[in-house]
Amino acid sequence: MRMSSLFLRTLREDPADAELPGHRLLVRAGYIRRAAPGIYTWLPLGLKVLRRVETIVREEMDAIGAQELTFPALLPREPYEATNRWTEYGDNIFRLKDRKGVDYLLGPTHEEMFTLAVKDLYSSYKDLPLSIYQIQNKYRDEARPRAGLLRGREFVMKDSYSFDVSDEGLQASYDAHRAAYIRIFDRLGFEYVIVAAMSGAMGGSASEEFLAVSAIGEDTFVRNDSGSYAANVEAVVVAQAAAVDASGTPAAHVEDTPDTPTIETLVAALNANHAREDGREWTAADTLKNVIVMLVHPDGTREPLAIGVPGDREVDAKRLEAQVSPAEVEAFDEKDFAANPTLAKGYIGPGVLGEERSSGIRYLLDPSIAEGSAWVTGADEHGKHVLDLVHGRDFTADGTIQAAEVRDGDPSPDGDGVLHTARGIEMGHIFQLGRKFAEALDLKVLDENGKLVTVTMGSYGIGVSRAVAAIAEGNLDESGLCWPRNVTPADVHVVATGKNRDRDGSVFDKADELTAALEAQGLEVLYDDREKVSPGVKFKDSELIGVPTIVVVGKSLENGVVEIKDRRTGERREVAVDEVVDEVLREVRGDASGATKAGA
RNA sequence: CGGGGUAUGGCGCAGCUUGGUAGCGCGUCCGCUUUGGGAGCGGAAGGUCGCCAGUUCGAAUCUGGCUACCCCGACCA
């Protein structure tokens, strides 16, 4: 690539609409341009990076025998009608009509198309197992696109699906994908963690996410010190607390606690007027907080739900949503309270909660609330709370729910140490869909006995354009980007510092020659051969663009040497002109952690 | 969907309070000089001041309405 003719314009100043450092640099260095909110143009340099990420994904998918195909991005409505997703996706789907008024959509995901394609072509167990994939643009009309490529409305995704007759076969396909994903993310070169995840609205069992560890990530995950446990916070399963002996607990008794509608005011009132017998102060953890939310089911029906959690914890909205999906959660507002007169706002207790009690509202407890444990909680009357209310003796719930917030320092569910929380960017998600989806679309094959059996499926995704953004965010400094070798738009950046071919002929001649020699070795070379551009500008641009190895041909040519610069460390060294090609090859190939090695 | 902000040449911004020839920096083009860290001087091109209406002799500026975009939250890969 000759910079004198490359379609590129670097910006000296940050774009005003970019917030994240990596996004700013991708725009400034001329990799991408915003075309519309959440929609980006890939300029030549950016496209090179995107293609290299795609190539790594493609190589590893092919290596496990998955076969590539491409579905249209513009899809008919019918298949999505069959799985009810035309409705369930709601406003998140881009919809359009053709000239006859027939509905179409821009594919937000392609489960239906994959499943129907297999149904169309295959009908025997002998055809399976099968894994097929595509690398395709996906479209989601996000309520609020943000963070540049990390959450766009158009994005590039690799999605694959496995089709098996048996559960064992599905497990094998899943394991193969998991191993391929590990190789892919190793080659892409970022720090990632594999966490247990929720499988989402389509159901299914085993599910894991690959998260790039990053403070700017939108997902929260937890892990313990030994690494034996890691999970998306949504998927953490808190163990049921063991029952405790309640024989010494006095009978439950209602006390006046005026003006205590919050846990904070309640604890203060308890300590002022109802001192504990054991002399310890009351804390929020002694109270049972009952939170009411309104579930909105996909068919539009509304159902209130009561959740009991220890008073020192909040209900985690994401955990709750994951548990009740596909229902959505709305706040329980004043109108709802008015419609449920047995609920005394601020003093709600188990006395009225539960399907069998006066409110009729389903009541689910956090599993940390042990049978036999005693609580202070609302007495369902304004200004009154009940003390020594024992779970199992004085009240019961309709079940448990994993919806309380998970905190740093909580015990690890596998019993090994405590949990720490961190943030990550979801880069990949693999899960065993099972038969639910194939059933919806009636995907069956004949087995050895000539009987029709429903196929079992796995679903595996990687955010390809998101990977470019995540790599950029993780590989930059104050001067610009610093690409890992496996995804850099060029292997080496040759800078000719001359400004004028007439006067600096020897510099340009040598740089031309060197570029040709490097290209002859199969390297992708970005060559700054611009005239009338001062050396300072070329140096700044080379740092902004972030090719890992920079070769400067200039002044020192008089002494028969050129300069090789490491973009990441800033280290520079002089190398004799006739040794440069070998030296660069050594850097590019020797240092290629992951890509060439893992691919070999 | 709630809260906040912004809208002026390709990019970044000033001007608006107090109405009167639309400005600055970067970038682009021409000339001369310069030549290893975003060069200097001189010249030039490039703008329906988001849109609609109103007030006014006169609106980027004042008033009303609308729209778009950005950020935080809610929601989702």
Side-chain angles (χ1 to χ4, degrees), chain A residues 9-20 23-24 27-28 30 33-34 36-39 88-93 107-110 138-159 197-198 200-201 209-212 217-219 232 234 296 317-318 320-322 325-326 328-331 424-431 459-467 469-470 479-480 495-500 502-504 507 528 530-544 550 552-558 562-563 565 570 572:
Chain A
R9 174 115 302 135
T10 57
L11 304 177
R12 190 183 295 217
E13 285 167 284
D14 279 331
D17 59 357
E19 205 57 26
L20 296 176
H23 181 208
R24 277 205 292 264
V27 175
R28 267 191 65 200
R33 299 290 289 180
R34 196 188 73 104
I39 301 176
E88 272 180 23
Y89 257 100
D91 288 337
N92 277 332
I93 214 167
T109 173
H110 284 80
K138 306 283 184 185
Y139 297 86
R140 297 193 191 168
D141 191 3
E142 288 282 331
R144 185 159 96 79
R146 70 185 87 180
L149 296 173
L150 278 180
R151 176 167 302 284
R153 295 196 296 171
E154 177 185 80
F155 55 98
V156 181
M157 183 170 161
K158 186 286 298 179
D159 54 332
M198 299 297 289
E209 284 171 347
F210 288 70
L211 301 180
E218 292 185 284
D219 284 273
N232 190 305
E234 294 171 14
V296 182
K318 289 201 164 180
L320 175 59
E321 294 263 1
S325 173
E328 293 188 7
V329 177
E330 284 185 8
I425 302 167
E426 184 181 347
M427 301 306 314
H429 193 168
I430 55 177
F431 66 101
S459 166
Y460 319 90
I462 289 180
V464 175
S465 48
R466 176 180 281 186
S479 309
V495 176
T497 62
K499 257 183 113 167
N500 185 321
D502 293 338
R503 212 193 53 248
D504 308 308
V507 167
D528 197 341
R530 291 176 292 177
E531 293 191 75
K532 297 178 185 171
V533 173
S534 65
V537 172
K538 292 183 178 179
F539 292 144
K540 290 286 184 194
D541 276 348
S542 71
E543 281 152 16
L544 185 58
I550 300 162
V552 180
V553 180
K555 252 183 181 172
S556 55
L557 202 57
E558 294 165 9
V562 300
E563 207 172 87
K565 214 162 59 165
R572 314 188 211 184

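Note that the coordinates shown come from a computational prediction; the quantities given were computed from them, not determined experimentally. Convention: sequence-line order gives letters A, B, ...; per-chain numbering from 1. These values consider heavy atoms only, across backbone and side chains, with no hydrogens, waters or symmetry-generated copies.
Looking at E563(A) and K555(A), no side-chain N of the basic residue comes within less than 4.0 Å of a carboxylate O on the acidic one, giving no salt bridge. One finds a salt bridge joining R151(A) and E142(A) here, because a Lys/Arg side-chain nitrogen approaches an Asp/Glu carboxylate oxygen to under 4.0 Å. Using a cut-off of 4.0 Å between Lys/Arg side-chain N and Asp/Glu carboxylate O, R140(A) and E154(A) are scored as not salt-bridged. With salt bridges taken as basic N to acidic carboxylate O contacts below 4.0 Å, none links R12(A) and D541(A).
D14(A) comes within 4.0 angstrom of the backbone, heavy atoms only, and of no base. Within the 4.0 angstrom heavy-atom criterion, base atoms lie near E563(A). Within the 4.0 angstrom heavy-atom criterion, no nucleotide atom of any strand lies near T109(A). No contact: V533(A) has no heavy atom under 4.0 Å from any strand. Residue-level contact check: S534(A) touches the backbone only, with heavy atoms under 4.0 Å from sugar-phosphate atoms and none from bases. Counting non-hydrogen atoms under 4.0 angstrom, G152(A) reaches a base of the nucleic acid. At the heavy-atom level, G461(A) lies nowhere under 4.0 Å from the strands shown.
The minimum heavy-atom distance between R28(A) and P15(A), with the atom names listed, is CG-CD, 3.9 Å.
Nucleotide C32(B) holds its P atom 12 Å from the CG atom of N500(A), rounded to whole Å. What separates CG of L20(A) from C1' of C72(B) is a distance of 13 Å, to the nearest Å. Note: CG (L11(A)) to C1' (G9(B)) measures 15 Å, nearest angstrom. Atom-to-atom, CZ of R530(A) to C1' of U28(B) comes out at 14 Å; the value is rounded to the nearest Å.
Rounded to the nearest Å, the gap between the C1' atom of A22(B) and that of G9(B) is 11 Å. As rounded to the nearest Å, U8(B) and A14(B) have P atoms that lie 11 Å from one another. For the C1' atoms, the distance linking C30(B) with G46(B) amounts to 15 Å, nearest Å. Comparing the C1' positions of U35(B) and G23(B) gives an interatomic distance of 33 Å, to the nearest angstrom. The same atom, C1', is picked in A60(B) and in C52(B); the two are 16 Å apart, to the nearest Å. Rounded to the nearest Å, the gap between the P atom of C62(B) and that of U18(B) is 9 Å. Comparing the same atom, P, in G36(B) and in G42(B) gives a spacing of 24 Å after rounding to whole Å. Distance check on atom C1': U67(B) versus C51(B) gives 7 Å, rounded to whole Å.
With hydrogens and angles disregarded, no donor-acceptor distance shorter than 3.5 Å links the side chain of K540(A) to the backbone of P535(A).
Here the side chain of T10(A) is nearest to one of C13(B), G36(B), G38(B), namely G38(B). Nearest nucleotide to the side chain of R572(A), out of G36(B), C69(B), U28(B): G36(B). Distance from the side chain of R33(A) is smallest to G10(B) among C76(B), U34(B), G10(B). Nearest nucleotide to the R151(A) side chain, out of G25(B), A77(B), A39(B): A77(B). Considering only side-chain atoms of E218(A), the nucleotide from G36(B), U34(B), C76(B) that sits closest is C76(B). Which of A77(B), G12(B), U35(B) sits closest to the side chain of F155(A) comes down to A77(B).
Pairing of A74(B), defined by two Watson-Crick or G-U wobble distances under 3.5 Å, is not identified with any nucleotide. With a cut-off of 3.5 Å on both pairing distances, the Watson-Crick or G-U wobble partner of G12(B) is C24(B). The partner of C29(B), taking Watson-Crick or G-U wobble pairs whose two distances both stay under 3.5 Å, is G43(B). Pairing for G37(B) is absent, judged as Watson-Crick or G-U wobble with the two contacts each under 3.5 Å. Nucleotide U6(B) has A68(B) as its partner under the Watson-Crick or G-U criteria, with both atom distances under 3.5 Å. With a cut-off of 3.5 Å on both pairing distances, U17(B) has no Watson-Crick or G-U wobble partner at all.
In terms of position along RNA chain B, the nucleotide closest to E543(A) lies nearer the 5' end than the nucleotide closest to the other residue of the pair E543(A) and D219(A). Nucleotides of RNA chain B nearest to P535(A) and R34(A) differ in position, and the one nearer the 5' end is that of P535(A).
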Checklist entry - Run the side-chain contact (heavy atoms from CB on, under 4.5 Å) check on K532(A) and N500(A) step by step: do they pass? => result CA-CA 6 Å; K532(A) 297 178 185 171; N500(A) 185 321; over 6 Å; no

Checklist entry - Checking side-chain contact (heavy atoms from CB on, under 4.5 Å) for the pair V553(A)/V495(A): CA distance, chi angles, key distance, verdict? => result CA-CA 6 Å; V553(A) 180; V495(A) 176; over 6 Å; no

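Between G36(B) and K555(A), a contact under 4.0 Å exists linking OP1 or OP2 to a side-chain N or O. Between R12(A) and G27(B), a side-chain N or O to OP1/OP2 separation shorter than 4.0 Å is present.
Scanning atom types as modelled, one donor and one acceptor separated by under 3.5 angstrom connect the side chain of R28(A) and the base of G38(B). On a pure distance criterion of 3.5 Å, no polar donor-acceptor pair joins the side chain of K565(A) and the base of G36(B).
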